[in-house]
Amino acid sequence: MIKNLAEMRALIAAGEKKTCAVACAHDAHTLEAIMTMRNEGLMNCLLVGHTADIKRIAAEHNYEVTDAEIIEAATDEEAAQVCVDLVRAGKAGFILKGILQTGTLLKAVVNKQTGLNTGSVISHFALVELPGYHKLLGVADSGMIPAPDLETKKAIIRNAVGALQKLGYEKPLISALCAAEAVSPKIIETVDAAALKEASLAGELGNCYVEGPISFDLAMNPEAAKIKKYVSPVVGNSDLLLVPSLATGNIMVKTMLQFAGAQMAGCIVGAKCPIALISRAASYEEKYYSLLLCALTC
């Protein structure tokens, strides 16, 4: 089990070098992220997009691409499909979204005939390094599904558990977060959380343990749990926080990043390969660690 994001680099460096297919790589922010990884010898890359623009931008920023494989794609749709085809052919292990709309890339990914669809829900998985917490903290889903129902939450958990197990978490401890720890029919996430706990105990969610409903303070603070006499193996030791909505997770993670000195990595899981959907506004560190996360979970 890795304890911090920096440990991912050592694991990548010691293992087999993976290949990233970059959709619409004709973008300075995208090239900065992938070429740094390539120049450090951590991964290979296939740059898909407008060849002339890729070479021009690389020259302007001193990114060495003369020996990189560049594949011409005239449109965003073509670039997305080429990347999907590269994964399907075993020539790439994961995809990095460049300068194209997320929906354009995901449309190619979920195509039932030519995509990377597994029949599962596609969701977002984040790893947060939070000062004061003794290990990395997973969060799902803070970037993909706005308001998941119970069955979708089950799929989100299965996706996250699969990613965590590839990182060495044998039996992840999951907190199904709610505003309170008591089940109330008026607060649907508490009802869902209780159902998710039952599903985990029945073995429906993979090798994991889900606790819920549980509030954030009880999941993270053993002293608060002691005061409230809340006993659970997840208290102060959660591997994954399952949030009730995208808004909850997005605000929580961004608050950690902005005000608690946290760092994060994130990727899309549930398809046949992980996908890095990195915002142009993301920090360099987030881009770097997100690519490492994809390489480790592909």
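Predicted model, so just to flag it, every value in this text is computed and none were measured.
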Can you check whether [Y]'s main-chain N or O pairs, donor with acceptor, with [X]'s side chain at less than 3.5 Å?
| X | Y | answer |
| --- | --- | --- |
| Ser120 | Ala155 | no |
| Asn117 | Asn111 | no |
| Arg88 | Gly115 | yes |
| Asn159 | Phe125 | no |
| Lys91 | Asp85 | no |
| Glu181 | Ser215 | no |
| Thr190 | Ser184 | yes |
| Ser290 | Gly266 | yes |
| His26 | His50 | yes |

Are [Y] and [X] co-members of a hydrophobic cluster defined by side-chain heavy atoms under 4.5 Å apart?
| X | Y | result |
| --- | --- | --- |
| Ile70 | Met43 | yes |
| Val191 | Leu196 | no |
| Leu277 | Leu246 | no |
| Ile122 | Ile275 | yes |

Which distance, rounded to the nearest 0.5 Å, do you find between the [atom1] of [X] and the [atom2] of [Y]?
| X | Y | atom1 | atom2 | answer |
| --- | --- | --- | --- | --- |
| Asp217 | Tyr230 | CG | OH | 10.5 Å |
| Glu129 | Leu137 | CD | CG | 11.5 Å |
| Met264 | Lys254 | CE | NZ | 9.5 Å |
| Lys171 | Asp239 | NZ | CG | 11.5 Å |
| Leu130 | Leu127 | CG | CG | 12.5 Å |
| Leu291 | Cys267 | CG | SG | 10.0 Å |

**OP:** Evaluate the criterion side-chain contact (heavy atoms from CB on, under 4.5 Å) for residue pair Leu177 and Glu189; output intermediate values, then yes/no.
**Re:** CA-CA 8 Å; Leu177 293 186; Glu189 59 261 31; over 6 Å; no

Looking at [X] and [Y], what are the two nearest heavy atoms and their distance?
| X | Y | answer |
| --- | --- | --- |
| Ile12 | Ala295 | CD1-CB, 3.4 Å |
| Ala79 | Ala23 | O-CB, 4.3 Å |
| Ala68 | Arg38 | N-NH2, 3.5 Å |
| Thr114 | Val84 | O-CG1, 3.3 Å |
| Ala140 | His124 | CB-O, 3.6 Å |
| Ala126 | Ser142 | CB-OG, 4.2 Å |

Original post:
How far apart are the C-alpha atoms of Val22 and Leu31, what are their side-chain angles, what is the distance that settles it, and do they pass the side-chain contact (heavy atoms from CB on, under 4.5 Å) test?
Top reply: CA-CA 9 Å; Val22 186; Leu31 285 175; over 6 Å; no

Original post:
If you link I, L, V, M, F, W and Y whenever their side-chain heavy atoms are under 4.5 Å apart, who else ends up in the same group as Val82?
Top reply: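 When side chains under 4.5 Å apart are linked, the cluster holding Val82 also contains Leu46, Val48, Ile71, Leu86.
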
**OP:** Any pair with a residue in residues 192-205 that passes side chain to side chain donor-acceptor pair (under 3.5 Å), sequence neighbours left out, goes on the list, sorted by first then second residue, please.
**Re:**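 Applying side chain to side chain donor-acceptor pair (under 3.5 Å) to every pair that reaches into residues 192-205, excluding sequence neighbours, yields Lys153-Asp192, Lys197-Glu211.
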
Original post:
Between Asp76 and Lys107, is there a side-chain N and carboxylate O pair less than 4.0 Å apart?
Top reply: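 Between Lys107 and Asp76 there is no salt bridge, as every charged N stays at least 4.0 Å from the carboxylate O atoms.
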
Subject >> Check ion pair Lys154-Glu151 (N to O, under 4.0 angstrom) >> reply: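 Salt bridge: yes.
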
Original post:
Any idea how Tyr288 and Tyr284 line up, ring-wise: parallel (<30°), tilted (30 to 60°), or perpendicular (>60°)?
Top reply: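 Correct class here is tilted.
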
Original post:
Got a sec, which residues hit salt bridge (Lys or Arg N to Asp or Glu O under 4.0 Å) with Asp149, two or more places apart in sequence or on another chain?
Top reply: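 For Asp149, no residue satisfies salt bridge (Lys or Arg N to Asp or Glu O under 4.0 Å) once neighbours in sequence are set aside.
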
Original post:
Met252 and side chain to side chain contact (heavy atoms under 4.5 Å, CB included): which partner among Val128, Leu257, Leu241?
Top reply: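 Only match with Met252 under side chain to side chain contact (heavy atoms under 4.5 Å, CB included): Leu241.
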
Original post:
More than 12 heavy atoms of other residues, nucleotides or ligands under 6.0 Å from CD of Glu40: is that the case?
Top reply: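 Buried by this count: over 12 neighbours within 6.0 Å.
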
Original post:
Does a sphere of radius 6.0 Å around CD in Glu170 hold more than 12 heavy atoms from other residues, nucleotides or ligands, not counting ones at 6.0 Å or beyond?
Top reply: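 Open: at most 12 neighbouring heavy atoms sit under 6.0 Å from CD of Glu170.
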
**OP:** Just do the side-chain contact (heavy atoms from CB on, under 4.5 Å) check on Ser283 and Tyr289 with the steps written out, would you?
**Re:** CA-CA 10 Å; Ser283 68; Tyr289 290 131; over 6 Å; no

Original post:
Do Leu242 and Val210 have side-chain heavy atoms sitting under 4.5 Å apart?
Top reply: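 No, side chains not in contact.
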
Subject >> Ile34 and Cys20, any side-chain heavy atoms less than 4.5 Å apart >> reply: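 Yes. Closest side-chain heavy atoms under 4.5 Å.
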
Subject >> Working for side-chain contact (heavy atoms from CB on, under 4.5 Å), residues Leu218 and Val234 >> reply: CA-CA 9 Å; Leu218 297 183; Val234 308; over 6 Å; no

